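Shown next, in structure tokens, is the structure this report addresses.
In what follows, every heavy atom counts, from backbone to side chain, and hydrogens, waters and symmetry copies are set aside. In what follows, chains are A, B, ... by sequence order, proteins preceding strands, each numbered from 1. Since this is a predicted model, take the numbers as computed values, not measurements.
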Amino acid sequence: MLELSLLRENAELVIERLAIKRVDARETVKKILEADLNRRETQKLLDDNLAESNQIAREVGNLFKEGRQQEANDLKARSAELKIAARDLSEKLDALQKEQNDLLVTLPNLPHPETPLGHLPEHNVTIYSEGEIPDLGENALPHWELTSKYDIIDFELGVKLTGAGFPVYKGQGARLQRALINFFVNEGVDAGYLEIQPPLMVNEASAYATGQLPDKDSQMYHADLDNFYLIPTAEVPVTNIYRDLLLKETDFPIKNVAYSQCFRREAGSYGKDVRGLNRLHQFDKVEIVQIQHPDRSYAALEDMKAHVTGLVRKLELPFRILRLCGGDMSFTSALTYDFEVFSAAQKRWLEVSSVSNFESFQANRMKLRFKDSTGKTRLAHTLNGSALALPRIVAALLENNQTPEGIRIPKALVPYTGFEWIK
RNA sequence: GGAGAGGUGGCCGAGUUGGUCGAUGGCGCACGCCUGGAAAGUGUGUAUACCUCAAAAGGGUAUCAUGGGUUCGAAUCCCAUCCUCUCCGCCA
């Protein structure tokens with residue numbers, strides 16, 4: 001969530017920037033500031049009340065010691081009055097705090113000034129593209145046919161075991177999964193990221209801190225008995241490692257890479273978007289996360305973008321990088337780069353990574369702070385990106401590399417797969 | 001799952017016949033003294049949030065797992081929840 005101090009000091013800027021995300025924040029900002037003013041007044045009244053109560057308690061103690069029962073009892077009466085007033089004030093304060101907080105969490109993060117205007121996919125700006133789009137001719141097969149032709153991924157079997165969107169990987173398909181995971185994790189480790197294996201289930205506090213709750217409740221699988229959520233991305237447990245921490249400036253940069261399975265209910269999806277590997281309920285992803293000093297978070301974002309570029313390049317896939325427009329960017333992001341690979345039989349671009357700087361938006365909700373060189377406590381910046389998500393990479397690899405002899409594995413992967421062809 | 005013990009500041013650890021306890025002490029850390037330099041020694045300081053204040057200083061409030069209760073007053077008493085440890089049971 002946004003920092004309250006920013007709203008107090010520069011409400012106009014907030015309103016102006018949020019308009020880029022097509023949010024009219026005028027009314028909300030006004031209400032927040034009203035609640036804030038009210039809250040502070042109430043707090044002052046309550047504090048004064050409690051101060052007097054504490055004073056009386058001390059005096060009563062002394063009077064009893066001196067045996068002055070009558071005076072002590074008189075003071076007790078005053079204390080009872082204060083207590084009733086304090087209860088009311090305290091309830092009012094809680095209500096105001098809740099009101100303010102509830103309003104504050106409805107405001108998305110401010111988009112970075114470089115964010116393109118617009119709200120449609122065509123308003124996203126392609127800032128880079130690379131690689132040849134292969135001409136596969138007329139007989140090219142989409143990946144969902146290739147997977148059954150070579151018997152490497154079984155969608156129907158997944159339906160039998162669980163349901164749609166839970167494919168079963170077999171033989172060379174399973175091996176390819178392991179190869180990609182190891183390749184991505186190793187590349188991350190080589191780039192200085194600490195490898196993390198997080199839990200795949202998190203508690204309510206964690207889901208709230210990274211913003212999945214309360215908004216995206218229906219997008220997560222939930223274990224009722226223990227009130228745990230299956231993670232939709234490793235971002236959730238990994239970022240939560242740093243929840244409620246007060247870091248030192250020398251702790252930066254924090255760089256983590258984590259492989260995990262991800263679970264998403266994807267309620268409301270349909271059509272060609274969910275065909276084959278395009279959208280699954282369970283999938284594999286390697287995520288990179290950085291916790292950074294605010295002065296260096298944008299440099300870190302560029303680093304992460306370069307890292308992901310390296311991965312896609314080594315896989316020899318044609319790709320492009322988009323800077324997302326305000327309306328297409330996530331609630332929490334300040335600046336996002338999307339990576340898309342071209343899946344040549346489907347003839348469409350598939351998003352395989354989203355690299356974002358959240359600035360202090362997540363850190364504020366999570367209370368992730370650090371002491372700067374002057375001893376002041378400030379919010380850290382958080383960033384994350386997929387590096388990479390497997391299914392669509394697999395879809396593009398299968399489609400783009402299909403030949404009459406089989407499917408060719410890119411050179412960089414061969415040491416991991418142990419084979420050069422899927423046959 | 002059953003029985004028991006316990007959760008105090010960055011860490012360890014006092015404090016549980018309720019009373020100036022945000023909390024003795026030690027370690028760690030920071031700065032200073034000492035030293036040619038260091039170690040040892042020694043001195044001082046060392047939580048977080050909110051409010052107040054133009055700012056700093058200062059002041060107020062809250063926080064001893066979390067939430068509630070008793071009381072003029074709670075780290076200390078009561079209740080609930082969460083978590084940790086030990087033993088038993090079960091088990092990859």
Atom-pair distance ([atom1] on [X]; [atom2] on [N]), nearest Å:
X: A:Asn227; N: B:U81; atom1: CG; atom2: C1'; result: 13 Å
X: A:Glu71; N: B:C72; atom1: CD; atom2: P; result: 18 Å
X: A:Asn73; N: B:G73; atom1: CG; atom2: C1'; result: 14 Å
X: A:Ile84; N: B:C72; atom1: CD1; atom2: C1'; result: 14 Å
X: A:Leu63; N: B:G73; atom1: CG; atom2: C1'; result: 13 Å
X: A:Leu50; N: B:G60; atom1: CG; atom2: P; result: 13 Å
X: A:Arg58; N: B:U61; atom1: CZ; atom2: P; result: 7 Å
X: A:Ile56; N: B:C72; atom1: CD1; atom2: P; result: 12 Å

For nucleotides [N] and [M], find the distance between their [atom1] atoms and express it as a whole number of Å.
N: B:C85; M: B:A80; atom1: P; result: 23 Å
N: B:A5; M: B:A92; atom1: P; result: 31 Å
N: B:C29; M: B:A38; atom1: P; result: 16 Å
N: B:G13; M: B:G67; atom1: C1'; result: 27 Å
N: B:U63; M: B:G4; atom1: C1'; result: 30 Å
N: B:G6; M: B:G15; atom1: P; result: 13 Å
N: B:U16; M: B:C21; atom1: P; result: 14 Å
N: B:A75; M: B:C64; atom1: C1'; result: 5 Å

G-U wobble or Watson-Crick pairing nucleotide for [N] (cut-off 3.5 Å, both distances):
N: B:U70; answer: none
N: B:G32; answer: B:U42
N: B:C82; answer: B:G7
N: B:G89; answer: none
N: B:A47; answer: B:U63
N: B:A55; answer: none
N: B:U20; answer: none

OP1, OP2 of [N] versus side-chain N and O of [X]: anything below 4.0 Å?
X: A:Arg40; N: B:C53; result: no
X: A:Lys248; N: B:G10; result: no
X: A:Lys44; N: B:C50; result: no
X: A:Arg39; N: B:C51; result: yes

**Request:** Give the ring-plane orientation class for A:Phe263 versus A:Tyr221, where under 30° counts as parallel, over 60° as perpendicular and anything between as tilted.
**Result:** perpendicular

**Message:** Taking the six-membered ring of A:Phe319 as reference, does the cationic atom of A:Arg313 (NZ for Lys, CZ for Arg) lie under 6.0 Å from its centre and within 45° of its axis?
**Reply:** no

**Request:** Would you confirm whether the ring centroid of A:Tyr259 sits within less than 6.0 angstrom of the ring centroid of A:Phe184?
**Result:** no

**Request:** Report, as yes or no, whether the 6.0 Å neighbourhood of atom CZ on A:Arg26 holds more than 12 heavy atoms from other residues, nucleotides or ligands.
**Result:** no

**Prompt:** If every non-hydrogen atom of A:Ala191 is compared with every non-hydrogen atom of A:Lys255, which pair is closest and at what distance?
**Reply:** O-NZ, 3.0 Å

**Request:** Identify the heavy atoms of A:Gly385 and A:Met304 that sit nearest to each other, and give their distance.
**Result:** N-CE, 3.7 Å

Among the nucleotides [options], which one has an atom lying closest to any side-chain atom of [X]?
X: A:Ser79; options: B:C72, B:C50, B:U48; result: B:C72
X: A:Lys83; options: B:G19, B:G73, B:A49; result: B:G73
X: A:Arg369; options: B:U48, B:G69, B:G73; result: B:U48

Base, sugar-phosphate or nothing for [X]? Non-hydrogen atoms, less than 4.0 Å.
X: A:Lys371; result: sugar-phosphate
X: A:Thr377; result: sugar-phosphate
X: A:Asn54; result: sugar-phosphate
X: A:Leu75; result: nothing
X: A:Arg68; result: nothing

**Asked** Is a side-chain donor-acceptor pair under 3.5 Å present for A:His293 with A:Glu249?
**Response** yes

**Item:** Step-by-step salt bridge (charged side-chain N to carboxylate O under 4.0 Å, His left out) determination, A:Lys44 to A:Glu41
**Value:** CA-CA 5 Å; A:Lys44 183 84 183 87; A:Glu41 268 171 31; over 6 Å; no

**Message:** By nearest heavy atom, map A:Ser53 and A:Gln97 onto RNA chain B; which one lands nearer the 5' end?
**Reply:** A:Gln97

**Message:** By nearest heavy atom, map A:Asp36 and A:Ala51 onto RNA chain B; which one lands nearer the 5' end?
**Reply:** A:Asp36

